[in-house]
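Contents: one structure, followed by commentary.
Throughout, protein chains are lettered first and strands after them, A, B, ... in sequence-line order, and every chain is numbered starting at 1.
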There are 2 protein chains.
Amino acid sequence: MKKLPVTGSDVKQPNRITISNIAELAGVSKATASLVLNGKGDEYRVSEETQQRILLIAEEHRYQPSFHARALRSSRSHTIGLVLPFLTQFTHASLARELESLFRNVGIQIIIACSDEDPEQERVVVNNLLQRQVDGLIVISSNTSDEAYSKIHSYVPVVQLGRQIGDSSLPLIMTDATAATANLIQVLATQYPDEVYYFGGEPGLTPSKQRLEGYALGLQRANVSPRAEWIRQRNYFSYSGYDMMEEVCNELGRSPKALFTASFSLLEGVLQYLNQNPQMQQGLHLASFDDHELLDFMPLRIDSIAQDYTALAFNAFSALMALMEDKPLSAPVTQNIPARIRWRHPESRRLSKLLATDLLPQ
Amino acid sequence: MKKLPVTGSDVKQPNRITISNIAELAGVSKATASLVLNGKGDEYRVSEETQQRILLIAEEHRYQPSFHARALRSSRSHTIGLVLPFLTQFTHASLARELESLFRNVGIQIIIACSDEDPEQERVVVNNLLQRQVDGLIVISSNTSDEAYSKIHSYVPVVQLGRQIGDSSLPLIMTDATAATANLIQVLATQYPDEVYYFGGEPGLTPSKQRLEGYALGLQRANVSPRAEWIRQRNYFSYSGYDMMEEVCNELGRSPKALFTASFSLLEGVLQYLNQNPQMQQGLHLASFDDHELLDFMPLRIDSIAQDYTALAFNAFSALMALMEDKPLSAPVTQNIPARIRWRHPESRRLSKLLATDLLPQ
DNA sequence: CTGAAAGCGCTAACAT
DNA sequence: ATGTTAGCGCTTTCAG
């Protein structure tokens with residue numbers, strides 16, 4: 001049977017029980033009910049008997065406090081925003097998944113907003129999130145300036161994940177791309193000292209810089225002097241990978257001997273080109289930043305760098321939680337999470353072991 | 001003990017402008033300001049001059065109405081919930097992406113909640129969403145009973161996406177898996193009439209039923225009588241694909257001649273097994289429900305069925321919007337979206353063309 | 001044409 | 001030990 005609330009029209013929320021209802025049914029005031037339901041019954045010395053009565057009634061009626069009323073009252077929404085470029089990119093989906101679960105466990109909802117790698121759209125969605133009074137923000141930003149975020153950070157904590165925004169000093173969790181890339185490139189360059197190409201995305205983004213830096217470092221360690229024409233940078237869309245590959249193959253009249261793509265999306269573009277031009281697969285050694293399970297089944301052996309999503313997500317989670325609770329950050333504001341290299345070329349693997357014992361610093 | 005600022009202090013929201021502030025600055029009442037800011041100025045014949053003044057001030061101060069206050073007042077949150085098993089599965093990420101963009105364009109936020117394919121967790125997250133007063137729900141459910149959802153649907157519209165929950169009569173948008181699977185299997189069975197294996201996930205889920213039904217239909221059209229040992233069903237986790245493959249290969253002492261996996265995750269498991277047991281790749285013809293770009297670059301040619309994410313998302317969006325606006329649904333409550341088969345075996349492609357003209361019904 | 005006031009559901013300071 | 005009350009920010013009658 002339907003029990004209709006007394007006050008007002010109930011057209012919109014046929015079976016929503018409010019704290020007033022509970023209080024009324026229990027024969028107490030809203031305040032008492034509120035205290036008990038928030039576990040402050042003992043603190044305020046509400047009699048055991050009353051507490052039980054209230055809790056029972058709430059239970060029976062499946063009482064659920066209204067989120068918006070609470071949020072309005074306390075100006076905390078128990079919601080955080082996650083801004084990322086594309087949900088369909090495995091890297092971002094993985095991070096989102098880990099974060100979703102971490103935050104859910106502590107009663108915080110995460111709202112995911114996609115920027116489509118577009119700074120303007122990013123502005124729009126961030127605005128949207130702020131309007132919803134998110135209590136914190138984790139951003140995988142497509143911006144090169146942190147002006148907006150610095151301002152935001154003064155009243156809503158912001159954590160940068162995966163990418164540094166310009167030279168922002170906001171807390172930052174990212175993969176130590178430089179180290180991993182350098183190691184990988186050193187091994188590549190040792191095998192192909194006369195030709196190691198590099199395809200990158202937006203040069204302005206920090207990950208791009210780090211990966212390029214790692215590339216340079218790797219060449220240097222292998223005593224290979226870089227050539228300008230080896231390095232191409234566009235953006236991270238896969239068609240750029242396709243285009244750069246086409247360009248280079250046309251220039252050379254063959255495929256490059258060794259090629260490192262700075263992201264999985266670029267690799268996909270390259271693979272698409274290779275699929276359409278199978279003869280170019282000859283004598284090509286591929287390597288890439290970012291890993292994917294399916295690479296294990298590819299005809300081409302592709303060495304890859306696997307980011308540690310679990311650690312990245314966990315550190316971002318911890319940092320944001322600390323900030324939201326006004327605790328000082330226990331960890332440094334910039335954290336570099338090491339990545340793992342998945343060697344798929346036997347020769348690469350062999351060399352990597354040699355280098356690890358002989359040559360590689362650290 | 002937490003110390004909360006006294007009322008009126010703006011410690012927490014240093015630069016939040018309320019409608020009262022705007023009203024005060026403009027020398028009008030809250031009511032007038034509200035009307036104007038909601039575009040009802042003309043309707044209520046507020047003088048042009050006042051309107052301009054209010055709008056200008058709001059603009060200057062970057063006035064943003066409080067989301068939660070609005071939601072509380074109107075009991076509409078302009079938020080919908082999307083429940084899905086795993087964000088990291090390409091299918092679900094694709095749907096989420098499309099939906100996110102569709103809803104954002106009409107000012108509705110979507111909150112993604114993952115059930116991890118676990119009915120109990122699904123219950124928890126749905127509860128969470130309801131507590132936030134979502135205005136609607138799109139569910140890719142892991143449940144086999146729609147009891148809970150039918151109840152929910154009486155006050156918050158629910159749309160089923162991709163999977164039917166039991167025999168629920170709630171609006172349902174899904175891929176026409178039966179038709180596509182039947183076509184694919186018919187082609188497979190024509191090539192390998194003596195052996196066409198089927199690996200499926202949870203038998204209770206509708207997609208499983210449809211795919212299996214398509215399998216049976218395809219065999220029948222190819223005049224192949226099914227054998228019980230060809231059909232294996234576990235769940236959709238990739239390790240199940242691995243396990244079933246291991247089992248079958250052990251039984252046969254070789255790989256099956258033709259194998260259809262009912263999902264991408266299962267295919268991944270199979271591929272993992274093949275990677276560890278390369279000799280089993282011999283004489284194996286693989287096909288799968290669900291598609292992925294990388295399949296184009298696999299050493300094994302794998303025929304696959306590609307769902308139309310854009311159409312699925314759009315139809316779910318339209319259905320939910322209609323329901324939320326209390327419009328009668330213009331489209332039927334159950335919509336089957338056709339899928340496309342991506343033939344990667346030349347022989348399959350050839351046969352499919354033949355069959356399309358000669359044999360296939362419809 | 002505009003303002004006053006009520007109230008969405010909740011919490012916490014202040015009274016009993 | 002419990003109740004009263006005052007808002008959080010907003011919208012919407014209803015009176016001027």
### Task
Apply side chain to side chain contact (heavy atoms under 4.5 Å, CB included) to A/A58 and list each qualifying residue two or more places apart in sequence or on a separate chain.
A/I22, A/L37, A/Y63
### Query
Got a sec, which pairs hit salt bridge (Lys or Arg N to Asp or Glu O under 4.0 Å) with one end in residues 99-110 of chain A, sequence neighbours left out?
A/E100-A/R104
### Query
What pairs meet the salt bridge (Lys or Arg N to Asp or Glu O under 4.0 Å) rule with one or both residues in residues 54-64 of chain A, with sequence neighbours excluded?
none
### Query
With sequence neighbours left out, which residue pairs that include part of residues 19-34 of chain B fulfil the salt bridge (Lys or Arg N to Asp or Glu O under 4.0 Å) condition?
none
### Message
Going by side chain to side chain contact (heavy atoms under 4.5 Å, CB included), name the residues that satisfy it together with B/L35, two or more places apart in sequence or in a different chain.
### Response
B/K40, B/Y44
Sub-3.5 Å pairs of nitrogen or oxygen atoms, protein against nucleotides 14-16 of chain D:
none

### Summary
For A/S150, the side chain to side chain contact (heavy atoms under 4.5 Å, CB included) test, sequence neighbours excluded, returns A/D146
### Task
Only counting residues at least two apart or in another chain, list the ones meeting side chain to side chain contact (heavy atoms under 4.5 Å, CB included) with A/S145.
A/E147
### Query
When all nucleic acid strands are considered with a 4.0 Å heavy-atom cut-off, which category describes A/F67: base, sugar-phosphate, or nothing?
nothing
### Message
Can you classify the ring geometry of A/F67 versus A/H78 as parallel (below 30°), tilted (30 to 60°) or perpendicular (above 60°)?
### Response
perpendicular
### Close residues, residues 29-41 of chain B, relative to DNA chain D [heavy-atom separation under 4.0 Å]
B/K30, B/A31, B/S34, B/N38, B/K40
Table please: side-chain donor-acceptor pairs of residues 50-57 of chain A below 3.5 Å, with sequence neighbours left out.
residue	atom	partner	partner atom	Å
A/T50	OG1	A/S47	OG	2.3
A/Q51	NE2	A/D42	OD1	3.0
A/Q51	NE2	A/V46	O	3.1
A/Q52	NE2	A/E48	OE2	3.1
A/R53	NH1	A/A26	O	2.2

### Query
Which of residues 46-53 of chain B sit near DNA chain C, with a heavy atom under 4.0 Å from it?
B/V46, B/S47, B/T50
### Query
Does any pair with a residue in residues 95-146 of chain B pass ring-ring contact (aromatic ring centres under 6.0 Å, His included), and if so which ones, sequence neighbours excluded?
B/F103-B/F317
